[in-house]
Structure formats: structure tokens, C-alpha cells
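From a predicted model like this one, the values you see are computed outputs, not experimental measurements. All values below come from the heavy atoms of this structure, side chains included, with hydrogens, waters and symmetry mates left out.
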Amino acid sequence: MTYVIDFKNVSTVGLETSPVAESLAGLRANEARYFMNKYNHALTVLPAKSSENTLNYVTRILKEERDIEFFARPLETSQFQIKNIKFAYVFYEDGLVVNVMYAVEDPKKRAVGFKLSEGMAIPKELEQKFKFAKQKSKLAGTIRGSFFVIKNEY
């Protein structure tokens, strides 16, 4: 069942098993606000167990590009296209959010982003591999983020 993310009334629906559910919900709402403000697009999510294609897509890119495999349990995903840019999200139980931005026609605008919910440790899979910048958010508190550029075609 799809769920539209409300960034005005932040909810932990779908994220209740996360030890950082409140901050992960804030981070998810922060992403929803971004897409509404920039693209007038409502962010919707699906339970991870019913969105195998999105999980496989994100997992494949992580594995092939940087040999990264996360052991945290995925809770929700989202996949959509706005104009010529494909987006995919995975929200993990530990508080990690992975997003793929893939411009269909411009190989220079393809990247994988990592965002860490406030209160979570850097996942072991990312330690020593990425530096994280901090950003303040009214919805999510302090967000730590990093990214890498996608080099191959997917």
C-alpha cells in the first residue's frame, strides 16, 4: 500500500521499528518537502517487502559502483521520474536513507546520496569511505550526508 508523506504533520508510519524512528520520519518529511517545493511532486513510499524492483535497482548500483552492501533492514522505498530524472529511495531501519538520482540523458547528473538520521552512527559499510557534511533541518534536526557520482549505465 502506498503512503503519501506529509511534511507538515510528520508521522512515523512505516518506520516504527527503527531505533531512530522520529528523526528518520523527519528526514523522510524533509525529502518530501524538497520534492514538493522544487518539483510540485508528492513523495510516496511503499513497504520494502512489496517493492523488490526498487530495492534491486538501488542494491545493484551500490554493489557495482562501490561494492557496498547494507546489512540494515530496508523499511520503505520510493521510485519515480520527474522530467528526465529518475529517483529511487530506500529508507533503512537503522536510520540511513539512500537515494539515487539518475538523469536519463546527462551522465554528469547521476549520483547516489547517503543521509544519516540524527542519533544514528555511521554504518560500518560507509566508515572510512565517505566524509559526511552536516546540514540543519527543522523537520529532521541535524542531517549528515555524503554522495558519489555514478559512472556506469543503469
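Using a 4.5 Å cut-off between side-chain heavy atoms of Ile, Leu, Val, Met, Phe, Trp and Tyr, with links allowed through other members, Phe70 and Phe91 fall into different hydrophobic clusters. There is no path of hydrophobic side-chain contacts, each under 4.5 Å, that joins Tyr34 to Val10. The hydrophobic clustering, which links ILVMFWY residues whose side-chain heavy atoms are closer than 4.5 Å, places Leu55 and Val100 together. Phe35 and Leu46 are not part of a single hydrophobic cluster, where members link through side-chain heavy atoms under 4.5 Å apart.
For Lys63, the salt bridge (Lys or Arg N to Asp or Glu O under 4.0 Å) criterion is met by Asp67, Glu69, not counting sequence neighbours. Listed by chain and number, the residues in a salt bridge (Lys or Arg N to Asp or Glu O under 4.0 Å) with Glu65 amount to none (sequence neighbours excluded). Listed by chain and number, the residues in a salt bridge (Lys or Arg N to Asp or Glu O under 4.0 Å) with Glu153 are Arg110 (sequence neighbours excluded). Legend: residues meeting salt bridge (Lys or Arg N to Asp or Glu O under 4.0 Å) with Arg66, ordered by chain and number and at least two apart, are absent.
Looking at Phe87 and His41, their side chains never come closer than 4.5 Å, going by heavy atoms from C-beta outward. Here the side chains of Glu76 and Leu15 are in contact, with some heavy-atom distance below 4.5 Å. Proximity of Tyr3 to Ser11: side-chain heavy atoms (C-beta onward) are separated by under 4.5 Å at one or more points. At a threshold of 4.5 Å between non-hydrogen side-chain atoms, the residues Val97 and Leu24 count as touching. Proximity of Val112 to Phe114: side-chain heavy atoms (C-beta onward) are separated by under 4.5 Å at one or more points. Using a 4.5 Å heavy-atom threshold, the side chains of Val20 and Glu118 count as separate. Leu62 is listed as a side-chain neighbour of Phe148, based on a closest heavy-atom distance under 4.5 Å. Contact check for Leu116 versus Leu96: side-chain heavy atoms found under the 4.5 Å cut-off.
Atom OG of residue Ser23 and atom CG of residue Leu139 lie 12.0 Å apart, to the nearest 0.5 angstrom. Between the OG1 atom of Thr77 and the OH atom of Tyr57 there is a distance of 13.0 Å, given to the nearest 0.5 Å.
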Enumerate donor-acceptor pairs with a distance under 3.5 Å from any side-chain N or O in residues 120-136 to protein atoms, sequence neighbours excluded.
{"from": "Glu125", "atom 1": "OE2", "to": "Phe71", "atom 2": "N", "distance (Å)": "3.0"}
{"from": "Lys136", "atom 1": "NZ", "to": "Thr142", "atom 2": "OG1", "distance (Å)": "3.1"}

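The heavy-atom pair separating Ala29 from Ile5 by the smallest distance is CA-CG2, 3.9 Å. Contact between Ser117 and Gly95 at its shortest, heavy atoms only, is OG-O, 2.7 Å. Considering all non-hydrogen atoms of both residues, Ile82 and Phe80 come closest at CD1-CE1, 3.7 Å.
Enclosure of atom CD in Glu16 by more than 12 non-hydrogen atoms of other residues, nucleotides or ligands within 6.0 angstrom is indicated. Within a 6.0 Å radius of CZ in Phe147, no more than 12 heavy atoms belonging to other residues, nucleotides or ligands are found.
Annotation: side chain to side chain donor-acceptor pair (under 3.5 Å) contacts involving residues 79-93, sequence neighbours excluded, comprise Thr17-Glu93, Glu31-Tyr89, Thr54-Gln79, Arg73-Glu93.
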